[in-house]
Asker: 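A single structure is presented below for examination.
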There are 2 protein chains.
Amino acid sequence: MTTDPKAARPLGELERVVMEQLWAADAALTVREVHERLSLTRELAYTTVMTVLDRLAKKKLTERERDGKAWRYRAAAPRADLAADLMRDALDQAGDRREALVRFVGQVSTEEAALLREALSRLEALDG
Amino acid sequence: MTTDPKAARPLGELERVVMEQLWAADAALTVREVHERLSLTRELAYTTVMTVLDRLAKKKLTERERDGKAWRYRAAAPRADLAADLMRDALDQAGDRREALVRFVGQVSTEEAALLREALSRLEALDG
DNA sequence: GCGATCTACGACGTTACGTAGTAGATGCTA
DNA sequence: TAGCATCTACTACGTAACGTCGTAGATCGC
């Protein structure tokens with residue numbers, strides 16, 4: 001689990017692209033910086049980006065720190081964590097976990113299956 | 001994949017309990033039957049259940065067939081399929097699949113990890 | 001033919017999200 | 001230090017999903 005044990009609803013479309021900027025950045029970004037990056041591919045009001053960043057913070061998906069009069073935002077958790085949380089939630093909704101996992105591995109690509117085996121091996125090595 | 005290759009958004013709360021009735025039933029159920037079952041634990045108008053069943057049908061999550069003047073609904077896909085689809089969607093959102101899978105297996109229970117290994121073995125046996 | 005039962009469709013409240021404007025606080029600069 | 005640029009806080013609006021029903025009309029069995 002990342003942080004919240006509850007409801008990790010999938011991100012909205014704009015929320016996702018904003019988070020992607022944060023994940024892609026080395027450091028925490030200001031609203032302006034995120035806005036600038038997004039402006040390369042779409043038109044958005046500065047305040048729109050600010051609102052989204054703010055909402056993400058309220059949802060605990062971003063954290064922010066002061067930098068002068070501005071806030072700097074960074075992702076509260078790695079992208080992979082978010083994805084893993086969503087996978088968990090999905091699995092939790094299945095009645096029969098075994099069956100759900102069977103279906104899941106049955107639909108992943110060969111590469112993904114290999115990655116899964118690898119991850120499990122690594123886990124085994126750790127757990128002993 | 002179950003049916004729709006796209007957006008398998010998680011079900012709403014009422015949609016979920018309705019689907020659970022369908023999954024739990026041996027045969028296709030009428031609105032009345034679903035309503036009766038749900039009425040055991042909560043109060044709902046008959047038409048509310050009907051609306052939900054209808055919406056689920058429009059979303060291709062249920063299929064229906066005539067039975068006299070009434071419709072009989074059944075889940076369009078096994079519950080496990082839905083869960084697996086959601087897991088897929090979640091995985092697809094991860095930037096780095098490897099990392100996401102590592103995080104995922106890192107948070108599943110020991111039992112789930114075992115089930116995953118089992119499912120992968122089975123897959124391997126099939127794929128050769 | 002009637003009454004019970006169904007469906008079709010519209011409606012309303014709430015919440016999430018995309019999108020943005022206004023007002024006021026704040027910090028840099030000439 | 002006065003003022004402009006910049007930032008935040010807050011409010012707002014439209015849309016879509018969903019929970020929740022009601023009404024009207026079709027339909028089936030007696």
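Every chain is numbered from 1, with letters handed out A, B, ... down the list of sequences.
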Asker: Under 4.0 Å between a side-chain nitrogen and a carboxylate oxygen: does that hold for A:Arg9 and A:Glu15?
Answerer: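 Salt bridge absent between A:Arg9 and A:Glu15.
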Asker: Consider the side chain of A:Lys59, meaning its heavy atoms from C-beta on, and name the nucleotide among C:dC17, D:dC7, D:dG19 that approaches it most closely.
Answerer: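 Output: C:dC17.
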Asker: Between D:dG19, D:dA9, D:dC7, spot the one nearest the side chain of B:Leu14, thanks.
Answerer: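 Of the options given, the side chain of B:Leu14 lies nearest D:dG19.
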Asker: If only side-chain N and O atoms of A:Thr48 are considered, is one of them under 4.0 Å from the OP1 or OP2 phosphate oxygen of C:dA20?
Answerer: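 For C:dA20, OP1/OP2 do have a side-chain N/O of A:Thr48 under 4.0 Å.
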Asker: Which nucleotide in the list D:dT8, D:dC21, C:dT5 gets nearest to the side chain of A:Trp71?
Answerer: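 Looking only at side-chain atoms, A:Trp71 lies closest to D:dT8.
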Asker: So that I can tick it off, tell me whether B:Arg98 and A:Glu112 are bridged by a salt bridge, with the cut-off set at under 4.0 angstrom between side-chain N and carboxylate O.
Answerer: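 Looking at B:Arg98 together with A:Glu112, the answer is no, because their closest N to O distance does not fall below 4.0 Å.
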Asker: From the set D:dT27, C:dG27, C:dA20, return the single nucleotide nearest to any side-chain atom of A:Lys69.
Answerer: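 Selected nucleotide (nearest to the side chain): C:dG27.
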Asker: Does a side-chain N or O from B:Arg64 land closer than 4.0 Å to OP1 or OP2 of C:dC6, or not?
Answerer: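 The answer is no; no side-chain N or O of B:Arg64 sits under 4.0 Å from OP1 or OP2.
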Asker: Any idea which of C:dC9, D:dT8, C:dT19 is nearest the A:Ala70 side chain?
Answerer: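 So the side chain of A:Ala70 is nearest to D:dT8.
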Asker: Any donor-acceptor pair, under 3.5 Å, between the side chain of B:Arg42 and the base of D:dG19, if you only look at N and O atoms?
Answerer: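 Under the 3.5 Å cut-off, the side chain and the base do not form any donor-acceptor pair.
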Asker: Would you say B:Tyr46 reaches D:dT20's phosphate, i.e. side-chain N/O to OP1/OP2 under 4.0 Å?
Answerer: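 Result: no.
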Asker: Using only heavy-atom distances, decide whether a donor-acceptor pair under 3.5 angstrom links the side-chain of B:Thr51 to the base of D:dC21.
Answerer: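 Flag set: donor-acceptor pair detected.
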Asker: Can a salt bridge be assigned to the pair A:Arg122 and A:Glu118 using a cut-off of 4.0 Å between side-chain N and carboxylate O?
Answerer: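 A:Glu118 and A:Arg122: salt-bridged.
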Asker: Nearest to the side chain of A:Arg55 - C:dT7, D:dT8, C:dG18?
Answerer: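 So the nucleotide nearest the side chain must be C:dG18.
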Asker: Whether the side chain of A:Trp23 engages the backbone of A:Ala77 through a donor-acceptor N/O pair (distance < 3.5 Å, no angle test) should be reported.
Answerer: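 Indeed, once roles are kept as given, a pair shorter than 3.5 Å links the two residues.
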Asker: Taking only side-chain nitrogens and oxygens of B:Arg32, does any of them come within less than 4.0 Å of OP1 or OP2 of C:dC6?
Answerer: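 For C:dC6, OP1 or OP2 has a side-chain N or O of B:Arg32 closer than 4.0 Å.
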Asker: Is B:Glu63 salt-bridged to B:Arg74, going by a charged N under 4.0 Å from an acidic O?
Answerer: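 The answer is yes: the pair qualifies as a salt bridge.
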Asker: Taking atom types as modelled, is there a side-chain donor on A:Ser121 or A:Glu124 under 3.5 Å from an acceptor on the other?
Answerer: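 Side chains of A:Ser121 and A:Glu124: no pair found under 3.5 Å.
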Asker: Compute the bend angle of the helix from C:dG1-D:dC30 to C:dA30-D:dT1 from the end axes (five pairs per end), rounded to 10°.
Answerer: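 Computed angle between terminal axes is 10°.
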Asker: Output yes when A:Glu36 and A:Arg32 qualify as a salt bridge under the 4.0 Å nitrogen-oxygen rule, no when they do not.
Answerer: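 A:Arg32 and A:Glu36: not salt-bridged.
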Asker: Measure from the side-chain heavy atoms of B:Thr47 and tell me the nearest of D:dT11, D:dC21, D:dT6.
Answerer: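 From the listed options, D:dC21 comes nearest.
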